[in-house]
Amino acid sequence: MKVTRRKFMQISGASAAGLAVSGLGFDLSPVRSHAQMLKTKHAKETTTICCYCAVGCGAIVQTDMKGDGRVINIEGDPDHVINRGSLCSKGAALFQLGENENRLLEPMYRAPKAKKWKQVSWDWALTQIAKRVKKTRDATFARKNDKGQVVNRTTGIVSVGSAALDNEECWIYQALMRALGLVYIEHQARI
Amino acid sequence: MTNHWIDIGNSDCILIMGSNAAENHPISFKYVVKAMENGATLISVDPRFTRTSSMADIYAPLRSGTDIAFLGGMIKYILDNNLYNKDYVRAYTNAPFIVGNAYGFKDGLFSGYNRSARKYDKSKWAFEMDKKGVPKMDRDLENPGSVFQLLKKHYSRYDTRLVSQITGTPEADLVKVYKTYAATGATGKAATIMYAMGWTQHTVGTQNIRTMAIIQLLLGNIGMAGGGVNALRGESNVQGSTDHCLLWHIWPGYLKTPRASNVSLAAYNRKWTPQSKDPISANWWQNYPKYSVSMLKSFFGENAGKRNDFGYDWLPKVDDGKAYSWLDLFDEMYKGTIKGFFAWGQNPACSGANAGKNRKAMANLDWMVNVNLFDNETGSFWRGPGMNPSAIKTEVFMLPACVSFEKEGSITNSGRWMQWRYEGPKPLGNSKSDGDIIMELGSKLKEVYKNKGSVFREPILNLKWDYTTNGMYDAHKVAKEINGYFLKDVDFPKKKKSFKKGQLVPSFAYLRADGSTSSGNWLYCNSYTEKGNMAARRSQKDAVNKIGLYPKFSWCWPVNRRIIYNRASVDLKGQPLDKNHWVIKWDGKKWIGDVPDGGWPPLGSLEKPNPKSKWAFIMRKHGHAQIFGPGRADGPFPEHYEPQECPIEKNPMNKERMNPTAAVYGTDADAYATCDPRYPLVGTTYRVVEHWQTGLMTRPQPWLLEMQPQVFVEMSEELARLKRIKNGERVFATSARGSLECTAIVTKRFKPFKIGGNIVHQVGFPWCFGWRWPESGKEESANLLTPSVGDPNTRIPETKAFMCNVSKL
């Protein structure tokens, strides 16, 4: 049986739970740290790709399935063929991107000339945004340009972003923006 | 990247120029080091002695904005010393093509320049054609009108003495770099280039990269393992977001955004489908209509058909000859013509050149929608430094997105690998995936456009919008739509294949222009097929050639080809030029190794090519890589021009000081200063390993902020002495556009440059800061200093070379 580093970890994890270690021929349980057991015992494991630069390093996310459902640990994925378990300082801090008290957790609204944010509901925010889009689009929509050519566009609304989206999200986002008639569609690749 | 990260390990010589990979793409260095352990030489060329430089065998400094002079000198060195790979150059590049008589170059200008329009008439640079309409060629490269001879003539001016006067690089260092790199012109050797924004963010950005591409072609390094031209992209999915074209000028899969003059789908397809009269040219873009029609079917589903030009009129058209780029849109916003603004997962208040102009522009909006993980400098622009909220009427909706590991979907890395990722925890608090936000917003818009009185509601109502499962966004449904479906039962008698309605299309070779297939993005056709989600694959097994392709780990475009242009990695018989790191190989019946650039047999010979074969560069109309590039806005050969803001009165290379076609802007916020005693220092920007881009996804993290808490200006000991600035002291940095306070870091990493007999000092700033974090609000964006001026081809701003000053507080 060929044992990859990842498999090795899984098998050694199983040994701690009292199962026989047939594939390895030796028992690793005495050397396993308490901390490692904690992070894997009640955790769901999922793979991810780091969200910072475009090397595309793999990481493993361990999510607590018993407590608050939050991330217990994120570490480099040893079976990822590019990074082989390594991460840089940012990748190694992925945990703190998710579990971070500075994160924005509610839709917020700032009224004209207001000095403060106001917390609002998703439904209210999206309804209001749709109304603003419609108002501006309808007021600025051009069926034809100065030469009389059909253009069917609005230059009153613009969009920037986003390399922060997944591929599938990028596709539906551009489709929606283009269906609205936007021509000013730009993102990080331009700068 | 033409190649991919692991492939760097196959290289014989690695040039890192225009990037600082050790710091900004740290894991890439796993493969740089691997190559070095196998005997490769690492060369670092940078204005500053970086962490990359500290690992290099050879380091050469240069003044920011002088890369074309540096590399032009290398072209001359290669040609003068006959170090180019002649077999490769004559077979695979357009060096043998004959350029028409209208082409010329004098005093820094190519023929066809119109000074009032700041544009070229590119028809002056056309190739000579034979009677059949195929470019005339001299495969011996001797015809004085050939690209090869014109190239020689053009770079004859770039001698090391003059280059050194411009770049500030000592001549001995230039020669050392040239000699080492050019040695890879030998058959069987490959060198690679790792570049990033240090090359793109210039008014000559495109031509910086063109110069390197010319070098790679002369040395026979394109298509090879350990070779290629490799852009190190800075964001985890900036490759994917570019492929799906969140950009004004292109539709998904690099199709063109229609111009107003493309009055119908037929006119559009005719305009953008290249025609070649050469039977040996694959001219792959001849398939254009199959991709455009399939894309429209993905947009509008059953609502698009032949009866309505597949919905072509429903999508917006741009005016011919006008740009709608980042710089242009902020210019318009500053002038007040723009009312509504989406900033989705981006922080332009800190990331845009001339950030102060962008921030002021936002106050002219009626409304803004800001979607992000954190309350950033963009969403909160109205309460930022120097802003008076009670005078700003802009309404702001700020929506919380979840982080990448709280949702499912794919991203595409710099090596074009599309990789699937999964949901760990659920989105925190009331945050949502971007996918859910987009789907819900789309549904709301469809709702408000139900009213009959609405303006031009057809595209919104007819947009296919069925990408949810149980009310939630479903990334798999979109991924399948991007791949594409058969919409009818279809037979392909020549390929002996038939497919049923509803099946996923196996690859773009099966897409059709009659509406019987859909594909949201033809380049990604083959990524999610009846065999499953290719991006989710995890096989550890390498391919037969053992060069680290890992063909069943994730998926890459196009059609899982890991090294593109690989038909140029073999000789005319189809045998690898590099036997040790071969990419593809003809076994007499078929290609083995990587997925070849088309399955056609090898050429056999240049004089009488196998009629079943194709020239190597299948995406080019004429099948040959372009040493002469007549499609560029600023000339078919790269030429050295100074940055928009520079420290010298005259360009020593020619009579035009700056790129005569650069995109410049004219509002009161667009000040430029050259040879201005108030701004005597060359400035540049860069990143640090602890922060990422504007720092918005790293500054709110205590661990990372603690490691790198302050914006700084890095300067030489010589300059610090001159200014009486001490290491660690807070100082004031200014440019013609803005200012910021920062901490002085005095190092040996910068050294003064000797430019044409004068001493020129350069300083550098990380652009990873902004007033939201750290909470002192004093660590600001270095983009307050940078100019809003752009490359004429891409309109990428020149944030890597500008003039500034630094003084004691």
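In what follows, every chain begins at residue 1, and chains take the letters A, B, ... in the order their sequences are listed. What you see below is based on every heavy atom in this structure, not just the backbone, and it leaves out hydrogens, waters and symmetry mates.
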**Q** Does any non-hydrogen side-chain atom of B:L445 lie less than 4.5 Å from one of A:V133?
**A** yes

**Q** Answer with side chain, backbone, both or neither: which region of B:S261 has an atom nearer than 4.5 Å to a non-hydrogen atom of chain A?
**A** both

**Q** Should A:D68 and B:K426 be marked as a salt bridge (charged side-chain N to carboxylate O under 4.0 Å, His left out) after you check the CA-CA gap, both sets of side-chain angles, and the distance that decides it?
**A** CA-CA 10 Å; A:D68 59 1; B:K426 296 279 176 204; over 6 Å; no

**Q** Examine whether an atom of A:W122 lies under 4.5 Å from a heavy atom of chain B, and if so say whether it belongs to the side chain, the backbone or both; otherwise answer neither.
**A** side chain

**Q** Where on B:K407 is there a heavy atom nearer than 4.5 Å to chain A: the side chain, the backbone, both, or neither?
**A**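 Interface part for B:K407: side chain.
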
**Q** Strictly by modelled atom types, are B:K30 and A:S86 linked by a side-chain donor-acceptor pair under 3.5 Å?
**A** yes

**Q** Tell me whether A:R70 is salt-bridged to B:E406, with the criterion being a basic N under 4.0 Å from an acidic carboxylate O.
**A**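 Answer for the salt bridge query: yes.
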
**Q** Among side-chain atoms of B:H476 and A:E168, is any donor-acceptor pair under 3.5 angstrom?
**A**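 Not at all, the side chains of B:H476 and A:E168 share no donor-acceptor pair under 3.5 Å.
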
**Q** Is it the side chain or the backbone of B:I6 that comes within 4.5 Å of chain A heavy atoms, both, or neither?
**A** side chain

**Q** Against chain A, work out which of B:W314, B:Y31, B:Y467, B:F300 has the most heavy-atom pairs shorter than 4.5 Å and name it.
**A** B:Y31

**Q** Determine the option with the most heavy-atom pairs under 4.5 angstrom with chain B, choosing from A:L97, A:V61, A:T46, A:V150.
**A** A:L97

**Q** Is chain A contacted by the side chain of B:D243, its backbone, both, or neither, given a heavy-atom distance below 4.5 Å?
**A**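 Neither part.
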
**Q** So what's closer than 4.5 Å to chain B heavy atoms on A:V55: side chain, backbone, both or neither?
**A**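 For A:V55, the contact with chain B is made by backbone and side chain together.
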
**Q** With a 4.5 angstrom heavy-atom cut-off, which part of B:S443 approaches chain A: side chain, backbone, both or neither?
**A** neither

**Q** Could you tell me which non-hydrogen atom of B:K393 sits nearest to which non-hydrogen atom of A:R110, and how far apart they are?
**A**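 Scanning both residues, the minimum pair turns out to be C-NH1, 4.2 Å.
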
**Q** With a 4.5 angstrom heavy-atom cut-off, which part of A:K116 approaches chain B: side chain, backbone, both or neither?
**A**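 For A:K116, the contact with chain B is made by the backbone alone.
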
**Q** Is it true that B:D313 and A:R143 have a side-chain N and a carboxylate O under 4.0 angstrom from each other?
**A** no

**Q** Looking at A:T136, A:I157, A:N83, A:D138, which makes the most heavy-atom pairs under 4.5 Å with chain B?
**A**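 The residue among A:T136, A:I157, A:N83, A:D138 with the greatest pair count is A:D138.
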
**Q** Between B:D319 and A:K147, does any NZ, NE, NH1 or NH2 come within less than 4.0 Å of an OD or OE carboxylate oxygen?
**A** no

**Q** The test is side-chain hydrogen bond (donor to acceptor under 3.5 Å, both in side chains); show your working for B:W420 and A:T47 and say whether it passes.
**A** CA-CA 9 Å; B:W420 200 262; A:T47 56; over 6 Å; no

**Q** For B:E408, is it the side chain, the backbone, both or neither that has a heavy atom under 4.5 Å from a heavy atom of chain A?
**A**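 Backbone of B:E408 only, per the 4.5 Å heavy-atom cut-off to chain A.
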
**Q** Which atoms of B:A401 are under 4.5 Å from chain A, going by heavy atoms: the side chain, the backbone, both sets, or neither?
**A** backbone

**Q** Are side-chain N/O atoms of A:D166 and B:S410 paired as donor and acceptor at under 3.5 Å?
**A** no

**Q** Less than 4.5 Å apart, any side-chain heavy atom of A:C57 and any of B:I27?
**A**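 The answer is yes; the side chains approach within 4.5 Å.
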
**Q** Is any side-chain heavy atom of B:S236 closer than 4.5 Å to a side-chain heavy atom of A:C53?
**A** no

**Q** Verify the distance criterion only: is there a donor paired with an acceptor across the side chains of A:S89 and B:W703 at less than 3.5 Å?
**A** no

**Q** Do B:F342 and A:V160 make a side-chain contact, defined as non-hydrogen atoms from C-beta onward lying under 4.5 Å apart?
**A**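 Counting from C-beta outward, B:F342 and A:V160 never come under 4.5 Å.
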
**Q** Measuring heavy-atom distances to chain B, does A:S162 have an atom under 4.5 Å in its side chain, in its backbone, in both, or in neither?
**A**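 Answer is both: backbone and side chain atoms of A:S162 are under 4.5 Å from chain B.
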
**Q** Using non-hydrogen atoms and a 4.5 Å limit, figure out which bit of B:N372 sits close to chain A: side chain, backbone, both or neither.
**A** backbone

**Q** Side chain, backbone, both or neither: which part of A:C88 has an atom under 4.5 Å from a heavy atom of chain B?
**A**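 Looking at A:C88, backbone and side chain both touch chain B.
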
**Q** Can you say whether A:D64 sits under 4.5 Å from chain B via the side chain, the backbone, both, or neither, judging by heavy atoms?
**A**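 A:D64 has no heavy atom closer than 4.5 Å to chain B.
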
**Q** Among A:L126, A:T140, A:V158, which residue forms the greatest number of heavy-atom pairs with chain B at distances under 4.5 Å?
**A** A:V158

**Q** For A:A114, is it the side chain, the backbone, both, or neither that has a heavy atom closer than 4.5 Å to a heavy atom of chain B?
**A** backbone

**Q** If you count heavy-atom pairs under 4.5 Å with chain B, which of A:L87, A:I82, A:N100 comes out on top?
**A**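 It is A:I82.
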
**Q** What residue in A:Y52, A:Y173, A:Y109 has the most heavy-atom pairs under 4.5 Å with chain B?
**A**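 Result: the option with the highest number of such pairs is A:Y52.
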
**Q** Relative to chain B, which of A:Q174, A:Q96, A:Q149 shows the most heavy atom pairs under 4.5 Å?
**A**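 The candidate making the most pairs under 4.5 Å is A:Q96.
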
**Q** Against chain A, label B:P348 side chain, backbone, both or neither, depending on which of its atoms sit under 4.5 Å from a heavy atom there.
**A** side chain

**Q** Side chains of A:L165 and B:N237, heavy atoms from C-beta outward: is any pair under 4.5 Å?
**A**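 Sidechains of B:N237 and A:L165: no contact.
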
**Q** Under a 4.0 Å N-O cut-off, is there an ion pair linking A:R103 with B:D375?
**A**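 B:D375 and A:R103: not salt-bridged.
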
**Q** With a 4.5 angstrom heavy-atom cut-off, could you sort out which part of A:M177 is near chain B: side chain, backbone, both or neither?
**A**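 Just its side chain gets close to chain B.
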
**Q** Most heavy-atom pairs under 4.5 angstrom with chain A, which of B:I392, B:N521, B:L441?
**A**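 That would be B:I392.
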
**Q** Tell me, for B:L463 versus chain A, whether the close heavy atoms (under 4.5 Å) come from the side chain, the backbone, both or neither.
**A** side chain

**Q** Please classify the contact between B:Q239 and chain A as side chain, backbone, both or neither, with a heavy-atom cut-off of under 4.5 Å.
**A** neither

**Q** Which atoms of B:F341 are under 4.5 Å from chain A, going by heavy atoms: the side chain, the backbone, both sets, or neither?
**A** both

**Q** Side chains of residues 179-191 of chain A: which donor-acceptor pairs under 3.5 Å do they make with residues two or more places apart or in other chains?
**A**
from	atom 1	to	atom 2	distance (Å)
A:E186	OE1	A:R190	NE	3.2
A:E186	OE1	A:R190	NH2	3.0
A:E186	OE1	B:W248	N	3.1
A:E186	OE2	A:R190	NE	2.5
A:E186	OE2	B:W326	N	2.7
A:H187	ND1	B:L246	O	2.8
A:H187	NE2	B:S241	OG	2.7
A:Q188	OE1	A:A163	N	3.0
A:Q188	NE2	B:G345	O	2.9
A:R190	NH1	B:T794	O	2.9
A:R190	NH2	B:H249	ND1	2.9

**Q** Could you have a look at B:M697, B:K339, B:Q201, B:R383 and say which one has the most heavy-atom pairs with chain A under 4.5 angstrom?
**A** B:M697

**Q** Is B:E395 salt-bridged to A:R132, cutoff N-O under 4.0 Å?
**A** yes

**Q** Counting only non-hydrogen atoms closer than 4.5 Å, does A:F141 touch chain B with its backbone (N, CA, C, O), its side chain (CB onward), both, or neither?
**A**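 Side chain only.
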
**Q** For B:M368, is it the side chain, the backbone, both, or neither that has a heavy atom closer than 4.5 Å to a heavy atom of chain A?
**A**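 It is neither, since no heavy atom gets under 4.5 Å.
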
**Q** How would you list, by chain and number, every residue that makes a salt bridge (Lys or Arg N to Asp or Glu O under 4.0 Å) with B:D328, sequence neighbours excluded?
**A** B:R795

**Q** Measuring heavy-atom distances to chain A, does B:H4 have an atom under 4.5 Å in its side chain, in its backbone, in both, or in neither?
**A** neither

**Q** If we only count heavy atoms from C-beta on, is the A:Q119 to B:N430 side-chain gap below 4.5 Å?
**A** no

**Q** When you compare the side chains of B:K444 and A:T127, does any donor N or O come within less than 3.5 Å of an acceptor on the partner?
**A**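 On atom types as modelled, these side chains qualify, holding a pair under 3.5 Å.
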
**Q** Are any non-hydrogen side-chain atoms of B:F397 and A:V120 less than 4.5 angstrom apart?
**A** no

**Q** Is the shortest side-chain heavy-atom distance between B:D542 and A:V81 below 4.5 Å?
**A**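 The answer is no, as the side chains (C-beta and beyond) never meet within the 4.5 Å cut-off.
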
**Q** How far does OH of B:Y422 sit from CD of A:E45, to the nearest 0.5 angstrom?
**A** 13.5 Å

